[in-house]
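One-based numbering, in listed order, for ligands and for the atoms of each.
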Amino acid sequence: MKYDFTFYNPTRIHFGKNAMEHLPKELSLFGDSVLLLYGKGAIKRIGLYDEVIKVLGECGKKITELGGIKPNPTYSQVLEGARLVRENNVDLILAVGGGSVIDCAKAISVSAFADEDPWQKYWVDFKPLDGRVVPVASILTMVGTGSEMNGGSVITNEEVTVKEGRVFPPEVYPKFSILNPEYTYSVPKIQMVSGIFDIMSHLCEQYFSGEDDNTTDYLIEAVMKSLIKSSRIAINNPTDYEARSNIMWCATVALNTITGLSKTQDWEVHGIEHQLGAYTDCPHGLGLSVISMPYYRYIYKYGINKFVRFAKNVWDISDEGKSDEEIALSGIAELESFSKELGIPSTLRELGATEDMLEKIAYSVEEGGGYKKLTHAEIYDILKECY
Ligand code: NZQ
Ligand code: ZN
């Protein structure tokens, strides 16, 4: 653990079938005005909306609702939420849904009382947080992003076709998050596998950087193995509680900062995918999977030891009679066949991209990377390869 770090994560997690029992006590810690934020209707279909409304009513809360938050939430919805917060003197923003709803809640939280245009301040200039932050909490229904226990807030500004992520400090993390794996049973398969690959990608982005021997990399390998095993069970039996609960916890651990401690990190696949999402609105994890394969095949040689380690420790590939190059490529091939097993499309075309978008996407991504800093031209080549 050669780089110094401070670890602090203030989110209280209530996990399991009875996690909702903790909601009244948690609500008692905040004032009476609650903004209830949710997506396009899933929580109504699974009966969760009625359950939450009932608890809020019993706790004497005044409820303001903002439903219809889009997957890949938009800045216009953030501004609408911020207005509702000001008009109703909201004390708590309760996000019930997936990463999009939680990300939107955090964005509303920091935007409601911002003294400048929030988009420019936080997602363009990346200025430090100041002003009043409205507390956020979450009830998670879709697994993948880790937003339930971190400061991430990824917002799409449709006016400028930019999808940008910002990681806010602990004041913006959810104060509490309720994680009941049973709420995820109804997630459509394509969203479930998108979430699974998102988790895998978060782990890869943190793993494929640096060469030092640190505990964090061993932790990442363990989470990857658990994720792979449970995902294989869950795609065949979506109501297997043990598998779904393992995946849920993998997601939280994979991006609550613990798997990134004392490490340099990559995040280039995410940078490219966010712009792909701005142009196509595709599910985040599917985009990550498509981009990952040509990306890792392009950069592995710059970090070959880590790719060999990945193949051996995560996929149990034998090194007998093989060169490092062959072992590293076998690990990437295993990752690719895992994605295929999940039923994830393998081309950008299938995700709604058109050829004319590729160059625009490539040149709107920031140049970066873990083992190799990519140029815009190299990003363009990678996009063409998976088109
Ligand atoms: O809109 P509703 O009706 O709620 O339906 C949603 C949505 O269509 C549905 N869904 C959620 N729970 C369900 C359900 N359907 C049936 N039953 C349930 N229990 O699933 C669809 C996708 O939901 P969404 O919240 O968009 O998915 P996800 O959790 O993957 O979030 C994606 C967003 O998070 C960002 C992504 O870029 C994307 O904008 N990310 C956030 C991160 C963070 N905060 O740290 C990091 C990630 O890398 C990521 O960038
Ligand atoms: Zn992600």
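- The list of side-chain hydrogen bond (donor to acceptor under 3.5 Å, both in side chains) pairs with a residue in residues 377-387, not counting sequence neighbours, reads Tyr298-Glu378, Lys372-Glu378, Thr375-Glu378.
- Near His270, with a cut-off below 4.0 Å to any heavy atom, the atoms of ligand 1 are 48 (O).
- Atom 49 (C) of ligand 1 has His284 NE2, 3.3 Å as its closest protein atom, hydrogens excluded (heavy atom only).
- A salt bridge between Arg132 and Glu171 is absent, with no side-chain N of the basic residue lying under 4.0 Å from a carboxylate O of the acidic one.
- For atom 21 (C) of ligand 1, the choice among Lys44, Glu182, Met149, Gln191 with the nearest heavy atom turns out to be Gln191.
- Nearest protein heavy-atom neighbour of atom 24 (P) of ligand 1: Ser100 OG, 3.4 Å.
- Close N/O approach between Pro71 and ligand 1 is not found [any backbone or side-chain N/O within under 3.5 Å].
- Screening Leu92, Thr64, Ile53, Leu66 for a side chain to side chain contact (heavy atoms under 4.5 Å, CB included) involving Leu36 leaves a single residue, Ile53.
- If you look at His202 next to ligand 1, the close heavy atoms, those under 4.0 Å, all belong to the side chain.
- A salt bridge links Lys121 to Asp115: at least one charged side-chain nitrogen sits closer than 4.0 Å to a carboxylate oxygen.
- Stacking of Arg309 on the aromatic ring of Tyr218 is recorded, both the 6.0 Å distance cut-off and the 45° axial limit being met.
- Here the protein heavy atom with the shortest distance to atom 13 (C) of ligand 1 is Val187 CG2, 3.6 Å.
- Under the 30°/60° scheme for interplanar angles, the aromatic rings of Trp123 and Phe168 are found to stand perpendicular.
- Salt-bridge check for Asp316 with Lys225: passed, with a basic side-chain N closer than 4.0 Å to an acidic carboxylate O.
- Atoms of ligand 1 found under 4.0 Å from any heavy atom of Leu255 (numbered from 1 in listed order, with element): 45 (O), 46 (C).
- Checking Lys163, Lys70, Lys106, Met142 against atom 27 (O) of ligand 1, the nearest heavy atom belongs to Met142.
- Taking only non-hydrogen atoms, the option from Leu286, Ile46, Thr145 nearest to atom 34 (O) of ligand 1 is Thr145.
- By the side-chain hydrogen bond (donor to acceptor under 3.5 Å, both in side chains) test, Asp266 is found to be paired with Tyr295, residues two or more places apart in sequence or in another chain being considered.
- Sorted by chain and number, the protein atoms of type N, O or S within less than 2.8 Å of the Zn ion (ligand 2) are Asp198 OD1, His202 NE2, His270 NE2, His284 NE2.
- Both the sub-6.0 Å distance and the 45° axial angle are satisfied by Lys306 relative to the ring of Tyr207.
- Tyr3 does not carry Lys263 over the face of its six-membered ring by the limits of under 6.0 Å from the centre and within 45° of the normal.
- Polar contact check, Gly152 against ligand 1: a nitrogen or oxygen pair lies under 3.5 Å apart.
- Checked against side-chain hydrogen bond (donor to acceptor under 3.5 Å, both in side chains), Ser339 has the following partners two or more places apart in sequence or in another chain: Ser289.
- Applying the 4.0 Å criterion to heavy atoms of His274 picks out, from ligand 1, the atoms 37 (O), 50 (O).
- With respect to atom 19 (N) of ligand 1, the closest heavy atom belonging to the protein is Tyr183 O, 2.9 Å.
- Residue-ligand proximity: Pro73 is placed with a non-hydrogen atom under 4.0 Å from ligand 1.
- Of the protein's heavy atoms, Ala42 CB, 3.5 Å lies nearest to atom 14 (C) of ligand 1.
- Ile361 CD1 to His376 NE2: the interatomic distance, rounded to the nearest 0.5 Å, is 12.5 Å.
- Phe307 and Phe208 have parallel rings, their planes meeting at less than 30° on a 0 to 90° scale where 60° marks the start of perpendicular.
- Considering backbone and side-chain atoms together, Gly99 places an N or O closer than 3.5 Å to an N or O of ligand 1.
- A donor-acceptor contact shorter than 3.5 Å is absent between the side chain of Ser201 and the backbone of Phe197.
- Using a 4.0 Å cut-off to heavy atoms of Ser147, the atoms of ligand 1 that qualify are 44 (N).
- Although no hydrogens or angles enter the test, the distance criterion places no donor-acceptor pair under 3.5 Å between the side chain of Lys70 and the main chain of Gly39.
- Ranking the protein heavy atoms by distance from atom 12 (N) of ligand 1 puts Thr141 OG1, 2.8 Å first.
- For atom 1 (O) of ligand 1, the closest heavy atom belonging to the protein is Lys40 N, 2.7 Å.
- Closest protein heavy atom to atom 16 (C) of ligand 1: Ser186 O, 3.3 Å.
- Contacts of Glu273 with ligand 1, taken as heavy-atom pairs under 4.0 Å, are absent altogether.
- Ring orientation note: the planes of His202 and Trp267 are tilted relative to one another, at an angle of 30° to 60°.
- Atoms of ligand 1 found under 4.0 Å from any heavy atom of Asn72 (numbered from 1 in listed order, with element): 38 (C), 39 (O).
- Here is the list of ligand 1 atoms found below 4.0 Å of a heavy atom in Pro188: 15 (N), 16 (C).
- Hydrophobic cluster membership is shared by Met357 and Val269, with clusters built from Ile, Leu, Val, Met, Phe, Trp and Tyr side chains linked at under 4.5 angstrom.
- The N/O atoms of Asp103, backbone and side chain alike, include one that comes under 3.5 Å of an N/O atom in ligand 1.
- Neither the backbone nor the side chain of Ile102 comes within contact range of ligand 1; no heavy atom lies under 4.0 Å.
- Glu26 has a carboxylate O that lies under 4.0 Å from a charged side-chain N of Arg12, or vice versa, which qualifies the two as a salt bridge.
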